[in-house]
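Comments concern the structure below.
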Amino acid sequence: ALGSTVVTACVSQESVGRQQHPVLQLHPVLQLHPVLQLLGCTAVAVSVPPPNGGTEEDRDRTETRGPLPPGPQITDHQARAALLAHVADRCCWGSGAAKKMAIAKINYDSAFHYELQTFTEKRETSWAFTPYGGGDVDGPSNGAAPLPWDVEAQPAHLFHDEVKVVQVPHTASVKECHRCKGTGSLQCSECHGKGWTRCLSCHGDGWYTDSSGYKDRCFYCQSSTHGHGRQDCLKCNAKGRVACPPCDSYGQIRCFIRLTITWKVNTSEHIVRKGGLPEALVKEVSGQVAFEEEGTRIFPLTQFP
Ligand SMILES: [Zn+2]
Ligand SMILES: [Zn+2]
Ligand SMILES: [Zn+2]
C-alpha cells in the first residue's frame with residue numbers, strides 16, 4: 001500500500017436521453033378524460049426521457065491536464081514502522097528481524113483508483129389530486145403547460161441525492177369527487193347507510209324482562225335516534241353517512257400533474273495497476289489525489305507514473 005495513487009474523477013451527466021418524449025399526450029388532456037379514468041392512473045408515475053441533452057461538447061480535455069503530482073516518498077524509518085505494525089498484527093510473528101534488518105532499497109509501485117461519480121436527474125409525471133374547498137386554480141386558461149423537462153428546477157447541491165416534487169403549472173382543474181360523486185359523504189359501511197344496528201341486548205325487541213317477569217324498556221336502546229330496538233351507529237353518529245376522505249367532504253377535488261424530480265449520485269470504481277499491488281488493498285488505502293475533474297464526459301488518464 002505504499003506509494004499508491006488515488007484518482008478521483010467526477011462527471012456531471014444530466015439529461016442522458018435520446019428520444020423525444022411522448023408526454024404531450026399527458027398534457028392538456030384534463031378535459032378529455034373522465035375523472036375516474038384519470039384517477040385510475042394516479043399511482044402510476046411515468047418516467048419521462050429527457051430531450052436531446054448535452055449541449056456541451058464532448059471535448060477531450062486530456063491535453064489540457066497538467067502533469068500528475070509526484071508520488072509520495074517514504075523514509076527508511078516510515079518503512080520500518082509500517083513493517084513493525086504489520087508484524088504486530090500477526091500473532092506468532094517475531095519482530096526481531098524487522099527491527100534489525102538493514103533497508104538497502106525501497107521499490108515504489110503505483111496504482112490508479114478511479115472513482116467516477118455520475119450525477120443523474122430523472123423526471124416522472126403522474127396525476128395527483130387534493131381536496132378542493134375553494135381558491136385559485138392554475139388551469140390551462142393561464143397558459144400552456146410546460147413539458148416536464150421545461151419545468152425550471154435545480155438541485156440544491158450538485159452531487160447530492162435529492163427528490164423534489166412540484167406541480168406542473170397550468171395543469172390544474174376542479175372535478176367532482178370520484179368517490180362520493182360530489183355529495184361529500186359516503187354510505188356508512190358499519191350500518192349500510194341506515195344509521196342504526198339491531199340492539200344486541202334486547203335483540204331488537206326494545207324491551208327487557210328480568211328473572212321475576214318484570215318488563216321494562218331496554219336500557220341500551222331506550223333513547224336511540226332511530227327508535228326502540230335499534231342502537232345508534234357509532235361510526236356515523238346515527239347519520240348513515242361518513243365523511244369522504246379523498247375530497248375531505250368538499251365534494252370536489254383539484255386534479256393536477258405532479259412532477260417528481262430525482263437527483264442521484266451514481267458511483268463506480270475502477271482500479272488500474274501495473275505492479276503486484278493486490279486490487280483489494282488498493283481499494284482500501286487513502287493514497288493521494290492524482291487529479292480531479294468535472295465535466296459532461298471524463299476521459300481516462302493517459303500517463304502512468
Ligand atoms: Zn368525495
Ligand atoms: Zn353507520
Ligand atoms: Zn335494546
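Predicted model only: the values in this text are computed from it and were never measured. Atoms within each ligand, like the ligands themselves, are counted from 1 in listed order.
- Across I257, N142, D138, D150, a single residue satisfies side chain to side chain contact (heavy atoms under 4.5 Å, CB included) together with P169, and that is D138.
- When ring centroids are compared, F119 and F159 come within the 6.0 Å threshold.
- For the pair SG of C199 and SG of C218, the angle at the Zn ion (ligand 3) is about 110°; rounding is to 10 degrees.
- Criterion: ILVMFWY side-chain heavy atoms under 4.5 Å apart, direct or through other members. Under it, V87 and I103 are not part of a common hydrophobic cluster.
- Residue C221 counts as close to the Zn ion (ligand 3), with an N, O or S atom under 2.8 Å.
- I253 and E176 get closest at one heavy-atom pair: CG1-O, 4.3 Å.
- In this structure, R217 satisfies the cation-pi test against W207, with its NZ or CZ atom closer than 6.0 Å to the six-membered ring centre and inside 45 degrees of the ring normal.
- Note on C180: counted as a metal contact of the Zn ion (ligand 1), an N/O/S atom lying under 2.8 Å.
- Both L259 and W263 sit in one connected hydrophobic cluster of ILVMFWY residues. Membership requires side-chain heavy atoms under 4.5 Å apart, directly or through other members.
- F291 and F112 fall within the same hydrophobic cluster, defined by Ile, Leu, Val, Met, Phe, Trp and Tyr side-chain heavy atoms under 4.5 Å apart, directly or through other members.
- For the Zn ion (ligand 2), the set of protein N/O/S atoms nearer than 2.8 Å consists of C188 SG, C191 SG, C233 SG, C236 SG, ordered by chain and number.
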